[in-house]
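Inspection log for the structure reproduced underneath, given as structure tokens.
One-based numbering, in listed order, for ligands and for the atoms of each.
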Amino acid sequence: MSARPYRPSARVEAALAAGRPVVALESTIITHGMPYPENVETARAVEALVREEGAEPATIAVVDGSLRVGLEDREIEALARAAGVMKLSRADLAFAMATGRTGSTTVAATMIAAALAGIGVFATGGIGGVHRGAGSSFDISADLDELASTPVIVVSAGAKAILDIGKTLEVLETKGVPVVGYGSSDWPAFWSRISGLPAPLRLDTAGEIAAFQHMRRRIGLGGGMLVGNPVPVEDEIEAGIVELWIADALGDADRKGIAGKAVTPFLLQRIFELSEGRSLETNIALVRSNARLAAAIARALAEETARDASEDGAAR
Ligand code: PSU
Ligand code: MN
């Protein structure tokens with residue numbers, strides 16, 4: 001039976017078998033995106049929110065080589081406290097599995113696992129993208145390629161403002177990834193509601209987002225979709241203030257020679273310090289808001305699937 005290369009939790013397995021809505025959640029935000037104990041508190045709060053909204057949460061990670069789709073509460077706690085956890089993307093997800101390591105999944109790796117398990121929507125904070133200075137560093141997140149090839153809707157608050165948002169949108173356009181502003185014609189910038197760039201597409205309801213992805217499947221388009229859900233107004237930090245912290249953090253990263261996978265976690269930690277915790281409060285608020293929207297999209301996707309099944313039945 002267990003030829004599957006991943007292990008769903010009992011709850012996730014039951015939900016998927018019954019066609020009930022499921023929302024995937026990443027774990028790099030737990031291990032590399034937030035300090036303890038806020039990381040575990042947020043992970044728990046987000047799972048509870050998804051359940052309140054009528055969907056089953058599936059937090060994804062590799063634990064001792066096992067690709068887990070849905071973690072138990074004590075496993076989330078252990079991951080949140082652990083040091084030296086690998087940060088896994090497309091390149092090293094299978095490495096951790098083959099060598100029995102423990103690793104958290106980035107947006108890219110979480111999408112791969114979600115698609116394997118048959119989960120169509122995933123909530124995160126911000127995706128990785130084209131870093132500022134990518135012209136010389138070549139630092140472009142594998143998240144962008146994953147969005148192009150793996151059929152999962154990713155609900156975010158945009159690309160993190162530490163990135164070059166304009167170049168990130170250009171790459172997504174080149175790769176044919178739909179980029180949808182939720183209820184907004186402005187593309188958001190993670191901690192702020194407005195990046196100064198327009199959202200390439202706009203939809204105002206979860207049902208429309210599900211119908212859009214469904215139509216992409218019907219015409220044979222693979223790949224995912226990026227939804228940008230602006231952080232709630234009351235939690236937003238004005239872009240001008242964030243920009244000052246980012247400039248400082250980037251200068252520090254440069255002086256210390258931070259490169260590769262370490263860049264994003266370093267910048268988030270530095271901005272947390274420079275903002276005296278304010279960036280973290282906003283990060284938590286936007287993840288919660290994204291989880292709520294992802295649950296609504298999961299419900300709409302489940303309805304689409306049920307409708308398809310009954311139409312197929314009627315056609316026969
Ligand atoms: N969003 C957050 N905090 C994070 C991340 C996203 O609020 O830590 C993680 C995601 O897992 C994303 C990763 O996929 O950062 C991007 O890393 P990189 O730039 O190295 O590809
Ligand atoms: Mn990178």
Side-chain angles (χ1 to χ4, degrees), residues 24-36 38-40 42-43 45-46 59-62 79-80 85-93 103-114 122-147 150 152 154-165 167-168 171-172 188-192 224 226-229 231 235 237 242 246 249-250 253 258-272 275 278-291 294:
L25 299 166
E26 65 150 307
S27 47
T28 295
I29 192 167
I30 302 174
T31 56
H32 294 72
M34 292 183 186
Y36 185 86
E38 284 87 352
N39 57 356
V40 62
T42 304
V46 164
T59 300
I60 292 173
V62 176
L79 201 63
V85 175
M86 290 182 79
K87 172 185 162 189
L88 303 173
S89 189
R90 169 170 280 264
D92 42 16
L93 174 64
S104 59
T105 51
T106 59
V107 168
T110 306
M111 288 179 76
I112 294 169
F122 154 34
T124 182
I127 63 151
V130 182
H131 280 265
R132 301 182 189 194
S136 52
S137 70
F138 280 42
D139 189 349
I140 300 178
S141 176
D143 291 353
L144 302 184
D145 268 319
E146 210 57 53
L147 281 161
T150 302
V152 175
V154 177
V155 182
S156 72
K160 268 163 283 184
I162 54 174
L163 302 169
D164 186 322
I165 296 179
K167 288 196 180 75
T168 300
V171 170
L172 289 167
F190 200 68
W191 296 285
S192 319
L226 179 62
V227 175
N229 179 30
V231 61
D235 301 300
I237 309 175
V242 176
I246 292 173
L250 286 171
I258 308 289
K261 278 175 177 282
V263 172
T264 297
F266 177 87
L267 293 176
L268 291 177
Q269 172 62 25
R270 255 330 259 146
I271 290 168
F272 166 69
S275 70
R278 229 185 122 193
S279 67
L280 178 60
E281 281 171 37
T282 297
N283 198 343
I284 293 169
L286 64 84
V287 172
R288 295 173 62 106
S289 164
N290 294 344

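- Residues Ile30 and Thr59 have side chains in contact (heavy-atom distance under 4.5 Å, counting atoms from C-beta outward).
- Of all the heavy atoms of Asn283, the ones lying under 4.0 Å from any atom of ligand 1 belong exclusively to the side chain.
- Residues passing the side chain to side chain donor-acceptor pair (under 3.5 Å) test with Asn229, sequence neighbours excluded: Ser289, Asn290.
- Looking at Val130 and Leu163, their side chains never come closer than 4.5 Å, going by heavy atoms from C-beta outward.
- When Leu286, Asp143, Thr264 are checked for heavy-atom proximity to atom 12 (C) of ligand 1, Asp143 turns out nearest.
- For the side chain to side chain donor-acceptor pair (under 3.5 Å) test with Lys261, the passing option among Asp92, Thr28, Thr106 is Asp92; the others fail.
- Those atoms of ligand 1 with a heavy atom of Glu26 less than 4.0 angstrom away are 6 (C), 10 (C), 11 (O).
- Nearest heavy-atom pair, Phe190 versus Ala159, reported as atom, atom and distance to 0.1 Å: CB-O, 3.9 Å.
- Here the heavy atom of the protein found nearest to atom 21 (O) of ligand 1 is Ser141 OG, 2.7 Å.
- A donor-acceptor pair is defined here as one N or O able to donate and one able to accept, closer than 3.5 Å; such a pair exists between the side chain of Ser192 and the backbone of Ile237.
- Without hydrogens or angle criteria, Asp164 side chain to Arg132 main chain gives no donor-acceptor distance under 3.5 Å.
- Side-chain polar atoms of Thr42 and Glu38 form no donor-acceptor pair below 3.5 angstrom.
- Ligand 1 is never approached by Ile127 to a heavy-atom distance shorter than 4.0 Å.
- In this structure, the protein non-hydrogen atom closest to atom 17 (O) of ligand 1 is Lys87 NZ, 3.2 Å.
- Side-chain contact between Trp191 and Asp235: absent, with no pair of heavy atoms (C-beta onward) separated by less than 4.5 Å.
- A side chain to side chain donor-acceptor pair (under 3.5 Å) with Glu26 holds for exactly one of Thr110, Thr124, Thr105; it is Thr124.
- Scanning the protein for heavy atoms near atom 3 (N) of ligand 1, the closest one is Leu268 CD1, 3.5 Å.
- Considering only heavy atoms from C-beta on, Thr31 stays 4.5 Å or farther from Asn39 through its side chain.
- Take a cut-off of 2.8 Å around the Mn ion (ligand 2): the protein N, O or S atoms inside it are Asp139 OD1.
- When the heavy atoms of Ser104, Gly126, Gly125 are ranked by distance to atom 6 (C) of ligand 1, first place goes to Gly126.
- Selection from Lys160, Met34, Lys261 by nearest heavy atom to atom 13 (C) of ligand 1 gives Lys160.
- Using a 4.0 Å cut-off to heavy atoms of Gly33, the atoms of ligand 1 that qualify are 8 (O).
- Residues Ile127 and Ser141 have side chains not in contact (no heavy-atom distance under 4.5 Å, counting atoms from C-beta outward).
- Counting atoms of ligand 1 from 1 in the listed order, those under 4.0 Å from a heavy atom of Thr28 are 9 (C), 11 (O).
- Residues Ile112 and Arg90 have side chains in contact (heavy-atom distance under 4.5 Å, counting atoms from C-beta outward).
- For the pair Val107 and ligand 1, the shortest N or O to N or O distance falls below 3.5 Å.
- Applying the 4.0 Å criterion to heavy atoms of Phe190 picks out, from ligand 1, the atoms 7 (O).
- The His131 neighbourhood of ligand 1 comprises atoms 19 (O), with distances under 4.0 Å to a heavy atom of that residue.
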